[in-house]
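Encoded as structure tokens, the structure appears first; notes follow it.
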Amino acid sequence: MIRRHGLFLLSCLLAFTAGHMFNYTVILYLQETVGSDLLAGLGFGLAFGSSIVFGWFGGVLCDRVAPGRVIHGAQALFLLGLACLWWADSGAALEARAAWVLVGAFFGGLAWSFVGPARLTALAQRALAPELRPATILFNLQVLVGFGLAPLLLGLIRSRAGWGTVLAVAAGGFVLSSLLIIRLKTHANPEPSPNSVRADIVQGFVTVGSDGLLRQLMLAAVVGYAMTGPLQILLPKLARSELGLSEAGRGAYLGLLAISLIVGGVLALALSKRLHHGRTIFGGIFVGCLLFAALALVRSNALSALLLSGVGLLGGMVISLVVSGIQARAPVLLRGRVMAMYSITSQVVPAASGVLAGAAVSRWGVVGAIALCGLVLAAIALFATVRMATLRHHAGH
């Protein structure tokens, strides 16, 4: 399976690492250079939140157009967003920097709206039926590794160079990612839809709503991804202001997510036939939220790193099981729309929770914001466990 899909998975790793470098650049630039936590939350919201408007169209497009073409178009939008960030740092007037960063974040948000469902749809077209669930977990590993690796790379680059080099590395990642799959063969649905775009979107909602397990997997993704926004907004500030880490140290601290997410994803891949998926999903979300809240209580770098690793490990397992379950359950002719719903969830929910985390840190400080976010999300996870019986009893085998 690795031999068949290796280039595609490597392309995913490069693209998602560069994409999360884009997101972290928006957050850190607005926090440090512009000096506004609220704008940092807003920038992250634009970078990940635009899919609430455009992601639905992205799902329909992936069913009507070859998803490989959609991938290349989305990555061109990322390059446009990076150009805006470069201009904000190198050419724009001081008072216009924030505006240019937000414009760049918007183009990045457009790109995120299309790239997720396009890559998931392309993977499903290339994978054999027995490969689909493990191949999707491997795909999700690239997403998770990119999320964790991006801050590590960013920190290492910034310890030796400026923002321009960070942006150049991210741009190079997108270009190489597209070159790796330049010959990838994908296709639109064999029978063109006679419906309008709006009708196709509604059909996707009806399909998800009528399947109890698919609906609850989507809701579990909402709860699981709600932790991502606070992680991206609050951890850099915690590492700097409370743990007193240097630029390189902060990158290494955040980069622990890369290792723990890899371990969690690998465990999900290795144990997926032995784990009870429903109980693992709900238990992982609940315990992970409590570990995140506990970060507010510790000032030991070693203990903080251990707690963060636990959050990443559980998050890697949970999200891998959720996305593979959705991919396996999605109807073939509506796969683009169903996976677009998942992608929108994975982008909009972190964006919304990131905006709220930015507001919370402005009011209660980073320690209070971490404790509040972790405990509230743990309570939501517990409520979801009680209410979503279909997923709770789903073994997943």
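Atom CG of Leu291 is separated from atom CG of Leu308 by 10.0 Å, given to the nearest 0.5 angstrom. One finds the CG atom of Leu267 at 8.5 Å from the CG atom of Leu275 (value rounded to the nearest 0.5 Å). Rounded to the nearest 0.5 angstrom, Leu85 CG and Arg97 CZ are separated by 12.5 Å. To the nearest 0.5 Å, atoms CE (Met317) and CD1 (Ile137) are separated by 9.5 Å. Between Leu313 atom CG and Ile259 atom CD1 the span is 11.5 Å, to the nearest 0.5 Å. We find the CG-CG distance between Leu123 and Asn140 to be 11.0 Å, quoted to the nearest 0.5 Å.
Residue Arg299 qualifies as enclosed at atom CZ: its count of foreign heavy atoms under 6.0 Å is above 12.
A donor-acceptor pair under 3.5 Å links the side-chain atoms of Gln327 to the main chain of Leu120, judged by distance alone. Side-chain atoms of Ser196 come within 3.5 Å of backbone atoms of Ala199 as a donor-acceptor pair (strictly under, hydrogens ignored). Listed for the Arg215 side chain is a donor-acceptor partner under 3.5 Å among the backbone atoms of Gly209.
Here the closest non-hydrogen pair linking Ala239 and Tyr253 is CB-CD2, 3.8 Å. Arg64 and Val197 make their closest contact through NH2-N, 3.7 Å (heavy atoms, listed as atom of the first residue, atom of the second, distance). Among all heavy-atom pairs drawn from Ser320 and Val323, the shortest one is O-CG1, 3.5 Å. Residues Thr385 and Arg392 share a closest heavy-atom pair of O-NH1, 2.6 Å. In plain terms, the two heavy atoms of Leu234 and Val366 that are nearest each other are O-CG2, 3.7 Å. In terms of heavy-atom proximity, Ile281 sits nearest to Ala220 at CG2-CB, 4.1 Å.
Salt bridge status for Arg126 with Glu131: absent, with no side-chain N to carboxylate O gap under 4.0 Å. A salt bridge links Glu32 with Arg158: at least one charged nitrogen is closer than 4.0 Å to a carboxylate oxygen. Ion pairing of Arg337 with Asp63 is present here, as a side-chain N (NZ or NE/NH1/NH2) and a carboxylate O approach within less than 4.0 Å.
In this structure the side chain of Val143 never reaches within 4.5 angstrom of the side chain of Val145, judged on heavy atoms. Counting heavy atoms from C-beta outward, Leu231 and Phe292 have side chains that approach closer than 4.5 Å. With contacts defined as side-chain heavy-atom distances shorter than 4.5 Å, the pair Leu39/Leu102 qualifies. Looking at Leu42 and Val355, their side chains never come closer than 4.5 Å, going by heavy atoms from C-beta outward. Using a 4.5 Å cut-off on side-chain heavy atoms (C-beta onward), Val26 and Gln31 make no contact. Between Trp86 and Trp163, every side-chain heavy-atom pair lies at or beyond the 4.5 Å cut-off.
In this structure, Arg119 forms a cation-pi arrangement with Phe8, its terminal cationic atom sitting closer than 6.0 Å to the ring centre and no more than 45° off the ring axis.
A ring-centre distance under 6.0 Å is found for Trp56 and Phe205. The aromatic ring centres of Phe16 and Phe174 sit 6.0 Å or more apart.
Gln125 and Arg335 share no donor-acceptor pair across their side chains, judged by distance under 3.5 Å alone. In the model, Tyr225 has no side-chain atom that pairs as donor or acceptor with a side-chain atom of Ser353 under 3.5 Å. Between the side chains of Asp89 and Trp100, no donor N or O sits under 3.5 Å from an acceptor N or O.
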